[in-house]
Amino acid sequence: MTERYDSSVGLAVRVYIEDTDAGGIVYHAKYLHYMERARTEWVRHKGVGLRAGLADNISYVVQRLSIHYGAPARLDDELRVTAEPVVFGRVWMDFRQQVVRRSDDKVLASADVRVACIALDSGRPRRLPVNMLELLESSLKTNSQVE
């Protein structure tokens with residue numbers, strides 16, 4: 001399935017049988033998969049290619065995660081998964097994320113996620129690349145003007 005991130009709505013995801021337990025309820029770890037895809041598609045939507053970073057010895061890893069499950073997603077639900085940067089440092093960026101059921105706009109899960117930039121060869125922290133810093137600065141500036 002080709003997924004596209006639309007900044008006005010987030011990433012559209014449908015719940016498939018593979019995402020659920022025997023009762024048709026989404027398995028808790030699947031929300032992390034949805035959020036990972038939303039962050040990746042958000043970056044891609046903004047014009048930053050992650051594959052180029054790999055060639056430059058750059059990767060991104062989840063360093064910290066806090067998640068709240070408010071209600072279950074179920075088989076065949078259509079979901080909207082958002083990824084909004086909220087703050088960043090020299091080697092990390094924090095995202096606020098939500099998984100929302102589209103039929104009733106119910107927030108099913110929300111998370112605060114810290115993603116760190118690392119050197120692939122050593123696994124050690126490294127500065128965020130300039131293109132990512134510019135993207136984050138631009139996005140945070142735009143978000144603060146909207147509020």
Side-chain angles (χ1 to χ4, degrees), residues 1-16 18-21 25-73 77-147:
M1 176 168 119
T2 301
E3 296 174 322
R4 290 217 162 82
Y5 195 89
D6 178 339
S7 59
S8 63
V9 296
L11 181 70
V13 174
R14 175 167 312 266
V15 175
Y16 293 104
E18 68 187 26
D19 300 329
T20 65
D21 61 16
I25 295 173
V26 171
Y27 180 65
H28 72 277
K30 283 295 184 173
Y31 291 90
L32 304 179
H33 295 206
Y34 301 154
M35 290 179 187
E36 177 78 25
R37 282 187 254 160
R39 287 191 309 276
T40 300
E41 290 300 323
W42 179 84
V43 170
R44 183 175 287 125
H45 173 77
K46 297 293 187 175
V48 175
L50 297 179
R51 188 175 296 187
L54 294 174
D56 292 332
N57 194 36
I58 296 169
S59 189
Y60 299 93
V61 296
V62 172
Q63 181 186 32
R64 184 179 307 151
L65 169 72
S66 174
I67 190 165
H68 172 76
Y69 298 100
D77 279 351
E78 291 182 8
L79 309 175
R80 179 177 68 246
V81 187
T82 62
E84 177 187 354
V86 291
V87 67
F88 64 94
R90 288 184 7 206
V91 300
W92 55 267
M93 49 195 153
D94 285 354
F95 287 87
R96 182 165 300 124
Q97 296 197 249
Q98 291 187 329
V99 177
V100 178
R101 186 172 36 237
R102 293 178 63 157
S103 64
D104 61 3
D105 284 330
K106 172 93 173 152
V107 176
L108 307 179
S110 57
D112 293 310
V113 183
R114 174 161 290 178
V115 177
C117 182
I118 63 165
L120 269 174
D121 59 359
S122 67
R124 299 195 45 87
R126 68 172 285 168
R127 287 182 184 256
L128 289 166
V130 172
N131 62 347
M132 187 64 77
L133 287 170
E134 290 171 348
L135 167 61
L136 292 164
E137 288 170 353
S138 171
S139 294
L140 290 175
K141 184 177 182 180
T142 300
N143 289 349
S144 68
Q145 290 174 353
V146 172
E147 294 171 3

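Computed from a predicted model, the values in this text were never measured in an experiment.
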Exercise for review: Could you walk me through whether S139 and K46 pass the side chain to side chain contact (heavy atoms under 4.5 Å, CB included) test, one step at a time?
Suggested key: CA-CA 9 Å; S139 294; K46 297 293 187 175; 4.0 Å; yes
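- Residues that satisfy the ring pair (Phe, Tyr, Trp, His ring centres under 6.0 Å) test with Y27, not counting sequence neighbours, are absent from this structure.
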Point to revise | Audit row: W92, R64, side chain to side chain contact (heavy atoms under 4.5 Å, CB included) steps and yes/no | key: CA-CA 10 Å; W92 55 267; R64 184 179 307 151; over 6 Å; no
Exercise for review: Take V99 and V13, measure what side chain to side chain contact (heavy atoms under 4.5 Å, CB included) needs, and give me the verdict at the end.
Suggested key: CA-CA 9 Å; V99 177; V13 174; over 6 Å; no
Practice item. Please report the C-alpha distance between R37 and V81 in whole Å, then the side-chain angles of each, then the deciding distance to 0.1 Å, and finally whether the side chain to side chain contact (heavy atoms under 4.5 Å, CB included) criterion is met. Key: CA-CA 9 Å; R37 282 187 254 160; V81 187; over 6 Å; no
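- Between P85 and L140, the shortest heavy-atom distance links the atoms O-CD2, 3.1 Å.
- Distance alone, capped at 3.5 Å, is enough to place a donor-acceptor pair between the T82 side chain and the Q98 backbone.
- Between the side chain of Y31 and the backbone N or O of V26, no donor-acceptor pair lies under 3.5 Å.
- For residues 27-36, the salt bridge (charged side-chain N to carboxylate O under 4.0 Å, His left out) pairs, not counting sequence neighbours, are D19-K30, E36-R39.
- The list of salt bridge (charged side-chain N to carboxylate O under 4.0 Å, His left out) pairs with a residue in residues 120-130, not counting sequence neighbours, is empty.
- Within the 3.5 Å criterion, the main-chain N or O of I58 finds no donor-acceptor partner in the side chain of D56.
- Between the CZ atom in F95 and the CG atom in D112 there is a gap of 12.0 Å [rounded to 0.5 Å].
- Under a 3.5 Å cut-off, the side chain of Q97 and the backbone N or O of M35 do form a donor-acceptor pair.
- Side-chain contact between I25 and T20 is absent, with no heavy atoms from C-beta onward closer than 4.5 Å.
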